[in-house]
Every structure is written in structure tokens, then in C-alpha cells.
Amino acid sequence: MVLKGDSDVNDDGVADDKKLVEVVYKPTVTNENRRCLLKTDEGGAKEGACWFLHWAAITADIPLFAAGVGMSWTSPVIPKFHGEENPFDHVVSTTEEAWIAAFTPLGSAIGPLAAGYCADKLGRKKALLFLALPMIAGFLILAGARNVGLYYFARFLLGLGSGSAFAVVPMYVSEISQAYNRGKYGSAMGVLITLGIIYPFSIGPHLSIPIYSLTCAVPLIIFIVVFATFMPESPYYLIAQGNFDGADKGLKKLRKRGTDVRTEMADIKEVVDQEKQNTAGVKDLFASPAGRRALYISLGLVALQQFAGINPLLSFMKTIYEAAGSTIPPNICTIITGSVQVLSNTACIFMVERMGRKILLQICCIFCFLSMTVLGIYFFLKENQYDVEPVFWLPITCLIVYMLVFSFGLGPLPWTVMGEIFPSNVKGIASAMTSTTSFITACLVTFLFPILSEVLGMAGGFWLFAFFCFIGYFFVHYVLFETKGKTLGEIQKFLQRVNKS
């Protein structure tokens with residue numbers, strides 16, 4: 001198939017002769033196709049939602065579900081190290097607990113380096129299938145491990161797969177989506193992550209460590225079978241490889257039946273051709289003013305995401321609730337908090353295309369700052385022997401507020417933005433660099449939190465998280481631009497225009 005020039009479509013859905021899209025295939029435009037066009041609020045037209053696109057996006061998000069499980073896997077397990085279910089022949093120290101929690105973000109920092117290369121060289125689909133394998137291996141090892149070293153190794157494998165998922169899944173989802181629903185599908189990634197996070201809270205305390213770990217591997221096995229069998233490759237990747245027939249076939253599966261994909265094919269090819277004029281490499285990413293600006297935005301958002309404290313809170317949530325001395329059972333607190341995350345991520349799906357990425361992130365920074373500040377005050381009073389029993393509800397309230405706003409802001413949106421703002425020819429490299437930065441930061445923060453909490457008290461750690469949320473508000477306000485409603489090509493043109501002005 002050969003695509004040339006720009007395309008224009010008249011009211012009858014037929015290509016305008018003045019701007020011809022020359023194609024070998026000649027798809028017809030039927031009345032059914034015209035009925036698939038839905039009017040937007042602006043009076044334009046857009047294709048109706050396709051059930052297969054929903055299925056493809058949700059299936060692609062399953063590795064992120066497993067990544068969420070890996071984040072909070074330690075929360076119900078670490079308390080068991082100090083009881084009869086301890087699988088080791090010694091009492092686990094605070095440092096060992098910190099490493100068990102931190103090895104997953106450490107592996108996540110390395111995973112994107114290989115995942116970005118695989119996504120660019122082998123394709124998004126194969127990369128997604130390969131990244132599930134180390135995660136499955138990690139859960140299987142945790143099911144049978146009896147020494148701390150194997151726990152470190154298994155948690156590291158989980159991190160390799162999780163980091164790869166955070167690099168490749170946003171890339172794939174953004175490239176199969178359309179401009180008007182890309183934010184919705186990007187936010188749906190956050191729902192799957194939080195469903196994964198709540199999974200250990202819900203069943204971990206009630207199962208033995210081996211059975212619990214085995215159940216964590218089941219969704220990934222299902223993912224490999226379903227995704228390999230039914231899901232298409234990214235049309236952006238296929239067009240970049242010159243496989244126009246494959247891209248045409250994939251787009252027709254991802255759009256409503258009878259939809260004419262010629263215009264979308266031409267738009268994708270135009271974007272890919274423009275990006276192919278530049279060689280794809282780290283040097284070229286930094287050489288382009290637009291690429292540098294996109295990288296600064298993406299790195300800043302994921303660093304803010306981690307310095308806001310999400311990983312330590314997830315890894316040690318049950319421990320935090322126990323230290324708070326609340327009369328509400330810690331298991332109930334963690335389930336309530338996780339459920340709030342799921343609900344808020346679901347709400348984000350409906351809000352992100354209405355309110356936009358920027359305003360949601362600003363709201364998130366404000367309320368995360370307030371909740372961490374108040375939580376720090378609570379622990380400061382408790383550590384200094386003040387009576388905090390009358391406000392026993394305060395820790396869970398603060399963490400519910402934190403999780404609520406984090407899950408519709410700093411949780412999913414940095415990954416959504418990352419999938420939007422990089423040119424496709426360097427998207428794999430840029431996504432790898434962004435994800436690596438995120439998980440190096442996560443490893444540092446997760447490892448230091450329990451140690452600093454012993455030395456300085458928990459109040460100091462929470463106030464540090466509040467400080468970064470405060471700084472993050474101004475970063476979002478002055479650096480981030482709104483990507484809502486823009487096609488990937490329009491975002492690149494905007495970045496180039498901003499740097500020229």
C-alpha cells in the first residue's frame with residue numbers, strides 16, 4: 001500500500017480530488033459508516049466508540065494490574081515476617097524489609113531500558129508479551145522462596161516487568177486510541193493499577209504467602225494468551241515499518257465496522273514521515289528543543305509522582321496504620337484506602353477529557369500537600385505523647401484524601417502525558433528514560449522511608465512528601481501545557497512552535 005500527500009474528506013465521506021490520498025485499496029463509505037460518526041460538542045464529527053478498542057486497551061493494561069500488585073505485595077506480607085508465617089529461619093530486620101520493598105522499584109528502573117528498545121525494534125505487541133514473563137517468574141519464586149536472597153531476586157524480577165509495563169503500555173494505548181478518547185484510555189490505566197494495588201490488601205491477609213503469590217501470577221498468564229491471540233500491533237509502529245496493509249487491518253479492527261480509515265492512515269503516515277526525518281537516538285532527543293521540553297516535562301512529572309510518597313505509603317500502609325494506633329483494624333483501613341483509589345481512578349476516566357490534565361494535576365498537588373501535612377502533625381503529636389485518641393479517624397481520613405486525589409491526578413496522568421508528548425521515532429527511548437527516572441526515585445524513597453522513620457519519626461517523612469507536593473504545584477502551573485483534545489501530531493507542532501517563540 002502507498003500513501004501520498006494529505007487527505008480531505010467531503011460531506012459524503014469521499015476523498016477530495018484536490019487533496020488525494022492515493023491508496024491501492026479502495027474501501028467503500030456506506031450509510032453504516034456515516035452512522036458511526038457522532039457529533040462532538042464543538043460541532044465536528046468523530047468516530048463512535050468501538051467495543052474492540054475498549055477490549056484492546058483494557059487487555060493491554062493487565063501488566064499494569066500486575067505492577068500494582070507488585071507495589072503493594074509487601075503490605076500484607078511484611079507483618080507476617082514477625083509471626084508464625086515467617087518463611088525464614090530468622091527474624092527479618094528493618095533493613096531487610098526495606099530492601100524487600102525497594103528491590104521492585106530498583107528492577108523497575110532497569111526494565112524500561114530494554115523495553116524501550118524492544119518496543120522500537122520488535123514492536124509494541126511483542127514487547128508487552130515479553131515483559132509479562134519476568135513478572136510471572138517473580139511471583140512463582142515468591143511462592144516457594146525460603147530465604148531473603150530469593151525474595152530480593154523475585155522482587156527484582158517483578159520490578160523488571162513492572163518498569164517495562166510502565167514504559168510500553170502507555171505507548172501502545174496512546175497509539176491505538178483517537179484524539180478524543182486517548183485521555184480516557186490513558187486514565188483507565190490508573191484504574192487497573194489501583195485494582196492491582198487493592199488486590200493484596202483484599203486477599204493477602206487471608207491467604208498463606210505461597211497461595212497468595214500464585215494467585216498474583218494468574219492474570220498475567222491470561223494476558224499472554226488473550227493478547228497474543230486477538231490484539232493488533234500499534235498502527236503507528238506498523239506504518240513506521242512500512243507495513244501499511246497490517247496497519248489498515250489493525251485500524252479497521254480498532255474502529256467501528258465500516259469506518260473509512262484512509263484519512264487516519266494518511267494522518268499517521270504524515271506524522272511518522274516527519275519524525276523519520278530525524279534519526280532516533282538519545283543525542284537526537286536532546287538536540288531537538290521540542291524533544292528536550294517534552295523530556296523535561298515528563299521527567300518532572302514522574303519525579304513529582306514518586307517524591308509525593310506513593311510507593312512508601314503502598315509498601316508500608318498496614319505498618320503505618322498500626323503505628324498510627326487507630327482503633328480501626330489496619331486490614332480494614334487498607335481495603336478502604338484501596339477501594340477509594342479504584343473509585344477515584346474510575347472518576348478520572350470521565351473527568352480527564354472534560355477538565356484536562358493540567359487542572360487535575362494542580363488539584364492533586366494541593367490536596368496531597370494538605371493531607372500529608374496534617375498526617376505529619378498527627379504523628380508529631382503522637383510521638384510527643386499527646387492524646388490523639390479523640391482524632392483516631394484522622395490517619396485513615398488523610399490517607400483516603402491522599403489516595404483519592406493522587407489516583408485521579410499524579411497516579412495516571414504523568415504516564416498519560418508521557419504517551420502523548422514524545423515523537424514516535426524516539427518514544428521508546430524517551431519512555432525508557434522517563435520510566436527509569438521514576439523508578440530510581442521510587443527505589444530511593446521506598447528504601448529510605450522506613451529507615452528515616454526510625455531515626456526522625458514518621459512525621460518528618462510525611463512533611464517531606466508535603467514539601468514536594470507544594471513544589472510540584474508550581475512545576476505543573478508554569479511548565480506543563482494542556483494536551484486535552486490534541487492529536488499526537490498537533491502536540492508535536494505545539495512543542496515546536498513554543499520553542500521557536
Side-chain angles (χ1 to χ4, degrees), residues 65-88 90-94 96-104 135 138-146 148 150-151 154-155 158 162 191-220 309-345 375 392-393 395-400 402-404 407 446 449-450 453 458:
F65 172 89
V69 173
M71 289 179 191
S72 58
W73 184 89
T74 55
S75 184
V77 171
I78 285 178
K80 294 181 180 182
F81 292 159
H82 305 284
E84 295 180 357
E85 292 189 61
N86 183 5
F88 312 123
H90 66 280
V91 177
V92 181
S93 67
T94 300
E96 287 174 327
E97 290 179 357
W99 275 120
I100 290 172
F103 257 103
T104 289
M135 300 174 79
F139 285 126
L140 294 180
I141 292 172
L142 288 171
R146 293 294 180 268
V148 174
L150 280 177
Y151 262 61
R155 294 282 294 165
L158 286 177
S162 299
V191 176
L192 269 293
I193 294 170
T194 50
L195 284 172
I197 289 170
I198 195 176
Y199 183 80
F201 298 156
S202 303
I203 72 164
H206 310 294
L207 297 177
S208 65
I209 295 177
I211 298 300
Y212 163 51
S213 301
L214 289 174
T215 63
C216 294
V218 172
L220 289 166
I310 185 62
N311 268 286
L313 294 180
L314 293 176
S315 297
F316 300 98
M317 185 170 289
K318 188 175 179 181
T319 304
I320 292 170
Y321 279 128
E322 290 174 345
S326 172
T327 58
I328 304 174
N331 287 339
I332 300 300
C333 291
T334 53
I335 292 173
I336 292 172
T337 307
S339 300
V340 167
Q341 280 189 285
V342 174
L343 293 174
S344 58
N345 269 279
L375 190 60
F392 68 91
W393 46 266
I396 187 172
T397 302
C398 288
L399 284 173
I400 284 175
Y402 177 92
M403 294 298 178
L404 177 69
S407 297
T446 304
F449 177 76
S453 295
M458 284 193 176

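In this chain, numbering begins with 1 at the start of the sequence shown.
You'll find the side chain of Trp73 reaches within 4.5 Å of the side chain of Ser213, heavy atoms only. Counting heavy atoms from C-beta outward, Tyr199 and Pro219 have side chains that stay 4.5 Å or more apart. Side-chain contact between Pro200 and Ser75 is absent, with no heavy atoms from C-beta onward closer than 4.5 Å. For the pair Arg155/Leu158, a side-chain contact is recorded, criterion being any heavy-atom separation below 4.5 Å from C-beta on.
Thr397 is linked by a side-chain hydrogen bond (donor to acceptor under 3.5 Å, both in side chains) to nothing, counting only residues two or more places apart in sequence or in another chain. Considering only residues two or more places apart in sequence or on other chains, Ile400 meets the side-chain contact (heavy atoms from CB on, under 4.5 Å) condition with Ile336, Thr337, Val340, Ile396. For the side-chain hydrogen bond (donor to acceptor under 3.5 Å, both in side chains) test, no residue two or more places apart in sequence or in another chain qualifies with Ser202. Partners of Leu195 under the side-chain contact (heavy atoms from CB on, under 4.5 Å) rule, at least two apart in sequence or in another chain, are Phe65, Val191, Val342. With sequence neighbours excluded, the residues forming a side-chain contact (heavy atoms from CB on, under 4.5 Å) with Leu150 are Ile141, Ala145, Asn147, listed by chain and number. In this structure Ser162 satisfies the side-chain hydrogen bond (donor to acceptor under 3.5 Å, both in side chains) test with no other residue, sequence neighbours excluded.
Taking each heavy atom of Val91 and His82 in turn, the nearest pair found is CG1-ND1, 4.4 Å. Pairing each heavy atom of Val69 with each of Cys216, the nearest pair is CG1-SG, 3.5 Å. Contact detail for Tyr212 and Ser72: the closest heavy-atom pair is OH-O, 4.4 Å.
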Report task. Applying side-chain contact (heavy atoms from CB on, under 4.5 Å), run through Val148 and His90 and close with a yes or a no. Result -> CA-CA 10 Å; Val148 174; His90 66 280; 3.7 Å; yes
Query raised in the report: Given the rule in the side-chain contact (heavy atoms from CB on, under 4.5 Å) test, do Tyr402 and Leu375 qualify, once you have shown the distances and angles that lead to the verdict?
Result: CA-CA 10 Å; Tyr402 177 92; Leu375 190 60; over 6 Å; no
Report task. Start with the C-alpha gap between Leu214 and Leu140, add the side-chain angles, then the distance that decides, and say whether side-chain contact (heavy atoms from CB on, under 4.5 Å) holds. Result -> CA-CA 6 Å; Leu214 289 174; Leu140 294 180; 3.6 Å; yes
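Distance check, rounded to the nearest 0.5 Å: CD1 of Ile198 to CE of Met403 gives 11.0 Å. With values rounded to the nearest 0.5 angstrom, Met71 atom CE is found 12.5 Å from Leu313 atom CG. Distance CZ/Arg146 to CD1/Ile209: 8.0 Å, rounded to 0.5 Å. Within the model, atoms OG of Ser208 and NZ of Lys80 stand 7.0 Å from one another, a figure rounded to the nearest 0.5 Å. Expressed to the nearest 0.5 Å, how far CD1 of Ile100 lies from OG1 of Thr74 amounts to 8.5 Å. Between the CZ atom of Phe88 and the CD atom of Glu96 there is a distance of 8.0 Å, given to the nearest 0.5 Å.
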